[in-house]
Amino acid sequence: MQRRFNPLEADAKWQRIWDEKQSFRADDNSVKPRSYVLEMFPYPSGRIHIGHVRNYTMGDVLARFRRMTGHEVLHPMGWDAFGMPAENAAMEKKVHPGTWTRSNIANMKAQLKRLGFALDWSRELATCEPDYYGQEQALFLDLYENGLVYRKESAVNWDPVDMTVLANEQVIDGKGWRSGAPVEKRKLNQWFLKITDFADDLLEGLSGLDQWPDKVKLMQENWIGKSVGLQFRFEIDNPPIELEDANPSGDTNLMKPRVIEVFSTRPDTIFGASFVAIAADHEFAQLLAADDDALDAFCQECRQSGTAAADIETQEKKGYDTGVSVIHPFTGAKLPLFVANFVLMDYGTGAVMAVPAHDQRDLDFARKYMLATPRVVSPDGEDAPIGDEAYTGPGTLINSDFINGMDVEAAKAAVIARAEAEGWGQGTTVWRLRDWGVSRQRYWGTPIPFIHCDDCGVVPVPKDQLPVVLPEDVSFDIPGNPLERHPTWKHVDCPKCGKAARRETDTLDTFVDSSWYFIRFASQPDDKPFDKETTEKWLPIGQYIGGIEHAILHLLYARFWTRALNHCGLIDVKEPFAGLFTQGMVTHETYKSPDGKWLAPEEVEKQGENYVVADTGEPVTLGRVEKMSKSKKNVVDPDDIIDQYGADAVRWFMLSDSPPERDLPWTASGIEGSWRFTNRLWRLFSDASENSEGEDKTLLRKLHQTIDGVAKDIEALSFNKAVAKIYELTNAIEKAKPSASRSEAVRTLALLVAPMVPHLAEEAWETMGTEGLVADAAWPAVDPALLVDDEVTIACQVMGKLRDTITVAKGLPKDELEKLALAAPNVARTIDGATPKKVIVVPDRLVNIVI
RNA sequence: GCGGACGUGGCGAAACCGGUAGACGCAGCGGACUUAAAAUCCGCUUCCCGUUUGGGAGUGCGGGUUCGAGUCCCGCCGUCCGCACCA
């Protein structure tokens, strides 16, 4: 009998057999209960990394387990194939983004195949192919027809040297990543989706997602950011007279601004307002700037900082006093009007009433510009001066006229009521959630199916002319959008009037592609995006698995997109993901050479306690354990590991030790341990001689407790606990003497490990002479009578400290337990004849004696 | 800045509803087998004191509730993640 498991042979053999038998093809017409298991599809960067392996292994274990428990399982795979890296590669390596992407997909598919995942490859899709994005264009037009798509001006990061739009990640310290030029904010006319129409529904829907992690729901709730407050007007006291002439746009609505409209979630603090601040992009700021060079320069400066919220909120608070005053609606006091860099144009009205005593940003600003900081809320009703920290807690209103003495909530209501009665404001709900800007000024994305005509305006491409296919003949020699400068592509006739017109050259955000791929997996007809009836059979997805980094955007956009399709009458589903799991990253130690360069794990050798450079013997500095990344070189290639240990050992390691939601540190000794265990299993299976004599009740108990426990752990995705239980069972089997029970345990063990190490399990079954495939086998049945032990160990405590343990029959009455515990030698010695004051007995658990 | 999560041996961790802290794995130490090595098997392994029986301390820090706290409450400290054009 061979002692060593040969994974390379076994992996290939069983992968071929599963393929031939189409074992994992999902049947749309099955009568079994359905289970849709999905992992977030990968971006085809070129190579899969260990993080993918972990993600897909988890999904695979669940998919295989569900098959064993009688489900018809849909477990598909595809490629999130549009996006910037392909264009960067095109610029750097002079390859076409399509060529680069498709060859990456081929490589990664081969890598995934080697891991033996139970995937239905017949449903594979890539978002960069016209048969996918063409259907996406059709859906986009449906949304347009239903009023969910519109255009508006919005700011982008503009690199004035490269003449191109930059993503936030391409802006480093306010400068373009390639050119190093200071980035400007520039306004462009862009496409938006009305996600805000669904803000309430997206928020409400969260409460029904009981199989989502609470933290993700909370993150989405905060992101949607419902806040109720008062929108109201400050009259402008002294608008500059020359304003009318200076008005640059000629828009008559802007000719005579008389008020500044603000929104506040704290109308109760209105008597503490000491100034009003508006965003640099606020129309009034722009009007004033036209006539004030210093203000204009200040607004320019604001525009040059990044568009990211983190940049805006961490930079030093700065403002410009416009010299204009506004009038407090209650007191009539004149408050200075500032333009400030911390006011966001996109939130509320782009203008705020600033109450320094009760808002930290306002306080920082007020200290810097020596403005008053009157307190209006006090926890104890006393008027203590404000220090360096704004008071945002509950309390009683003071210094506040008619609301004095009220608590915060009552005061809010009172101010709103008065504003509404007097007609200068109204209670309003404001959302932090903004409409989804989907325009990207890039080539490698889904073309937005619209045509611009001088006469007819923006005209949708007729559906029978879809897909609008990306031109292949493009160059990336110069920056900017190749669609923009393509000689012919954008020149088309208007579908309405037939005159010469221009195609839209913006493409869709790749988050659109990933907002419905799970729908297309469930059914993919040629002539429409999906088949309603078939797709609805599979949706919602029972278990969706992916990284926490998608907690907000991808998951929220997909929830919105599904609602949008529902709104258009295309699908009867609103929530696409019934169950969600967010897994942790794979991390690795980092190494640095004496000259401070990062070293890859294979360049480093362990000598005793220390690490040295393998070639030179120089000492290596051991860095922190961090997320695997190319820049720190702390990566391992799944292919190399599979070559060395086979798919099963890698899969086993991915599931072992760390809880799946936490980070998993990759270690060479860890994968070695997994490899040793697969061999231990193999020895158990290959040495198994069938024994029909003798029962081993202890082993049977352990076996059935393990069957039950592993099933529950897999359902809960607690793979590390399932692994530990399998180790315990394996240890118990190895220690057990030959018996019919032991033979049964070995055979059953092959089924228990099958979802995790499927190749080994198939090989074991074949070796043991069992008919059929493990892939088609059922999960072993549990005998409930064997789940309970008949003896229990009772902890005997004196004053809460463990002094002894006694092993007794299960279910012993309290007084018996008390007697036995008092008689336990170490207990008797500790209490030393003293009379117990009190004895606490928890049946089958412990006895605690208080003296 | 705002929001969120996490903190238990040398390391990854487990611990049900508040009831024997450290299961299981890694690393380490000792031993068996071997000419030797690899592989494998057996034993030990939270820390401190003690020859053993045993005793003391211990779940980031400081308090509290309780017969009993890793778990509940209050206050700190530290680390990591997200923040709308990366996917």
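Predicted model, so just to flag it, every value in this text is computed and none were measured. So that the names make sense, note that chain A is the first sequence line, chain B the second, and so on, each numbered from 1.
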Pairwise [atom1] distance, [M] and [N] [rounded to whole Å]:
N     : M     : atom1 : value
B:U45 : B:A37 : P     : 26 Å
B:C67 : B:G18 : C1'   : 12 Å
B:G22 : B:G55 : P     : 16 Å
B:U52 : B:G68 : C1'   : 30 Å
B:G60 : B:G56 : C1'   : 22 Å
B:A23 : B:G78 : P     : 32 Å
B:A21 : B:U34 : P     : 44 Å
B:G63 : B:U79 : P     : 23 Å

Sub-6.0 Å ring centroid separation between [X] and [Y]:
X      : Y      : answer
A:W436 : A:Y557 : yes
A:F518 : A:F41  : no
A:F342 : A:F365 : yes
A:W675 : A:F653 : no
A:F677 : A:Y727 : yes

May I have the distance from [X] (atom [atom1]) to [N] (atom [atom2]), rounded to whole angstrom?
X      : N     : atom1 : atom2 : answer
A:I671 : B:G25 : CD1   : P     : 17 Å
A:W158 : B:C85 : CH2   : C1'   : 14 Å
A:L553 : B:C86 : CG    : P     : 9 Å
A:W682 : B:U40 : CH2   : P     : 16 Å
A:L218 : B:C81 : CG    : P     : 19 Å
A:L802 : B:G22 : CG    : C1'   : 14 Å

Strictly below 4.0 Å: does [X] bring a side-chain N or O up to OP1 or OP2 of [N]?
X      : N     : result
A:R440 : B:C85 : yes
A:R676 : B:C26 : yes
A:K725 : B:G25 : no
A:R803 : B:G56 : yes
A:N731 : B:G25 : yes
A:N720 : B:G12 : no
A:R662 : B:A14 : yes
A:K721 : B:A23 : no

Looking only at the side chain of [X] (C-beta and beyond, no hydrogens), which of the listed nucleotides [options] gets closest?
X      : options             : value
A:M84  : B:A21, B:G4, B:C86  : B:C86
A:N826 : B:G54, B:C16, B:C85 : B:G54
A:I840 : B:C24, B:C86, B:G19 : B:G19
A:K215 : B:C85, B:G4, B:A87  : B:G4
A:K838 : B:G4, B:A84, B:C67  : B:C67
A:Q797 : B:U40, B:G19, B:A13 : B:G19
A:Y557 : B:A87, B:G82, B:A84 : B:A84
A:A724 : B:C85, B:C24, B:A87 : B:C24
A:P659 : B:U20, B:C67, B:A14 : B:A14
A:S669 : B:U40, B:A27, B:C86 : B:A27

Under 4.0 Å, counting only non-hydrogen atoms across every strand here, what does [X] touch: a base, just sugar-phosphate, or nothing?
X      : result
A:W223 : base
A:D80  : sugar-phosphate
A:L846 : base
A:T793 : base
A:E661 : nothing
A:H554 : nothing
A:S439 : base
A:F511 : base
A:L433 : base
A:Q441 : base
A:T805 : base

A:K217 and A:D214 ion-paired at < 4.0 Å: yes

Residues A:K712, A:D708: salt bridge by 4.0 Å N-O rule: yes

Candidates A:F82, A:W516, A:Y517, A:W444 - the one meeting ring-ring contact (aromatic ring centres under 6.0 Å, His included) with A:Y133: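 Answer after filtering A:F82, A:W516, A:Y517, A:W444: A:F82.
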
Complement of [N], any strand, by Watson-Crick or G-U distances under 3.5 angstrom:
N     : value
B:C6  : B:G78
B:C16 : none
B:G25 : B:C11
B:G1  : B:C83

In B:G28, glycosidic geometry as syn within 90° of 0 or anti otherwise: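 Anti for B:G28; the angle lies over 90° from 0.
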
In B:C83, glycosidic geometry as syn within 90° of 0 or anti otherwise: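 Here the answer is anti: the torsion falls beyond 90° from 0.
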
Upstream residue (5' side of RNA chain B) when A:E734 and A:V723 are each assigned their closest nucleotide: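 Closer to the 5' end of RNA chain B: A:V723.
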
A:E728 vs A:K801, nearer the 5' end of RNA chain B by closest nucleotide: A:E728

Spacing of A:H550 atom NE2 and A:S514 atom OG [to the nearest 0.5 Å]: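 So the gap between those two atoms works out to 8.0 Å.
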
Verdict with reasoning, A:E221 to A:K226, per salt bridge (charged side-chain N to carboxylate O under 4.0 Å, His left out): CA-CA 8 Å; A:E221 189 184 321; A:K226 181 177 186 173; over 6 Å; no

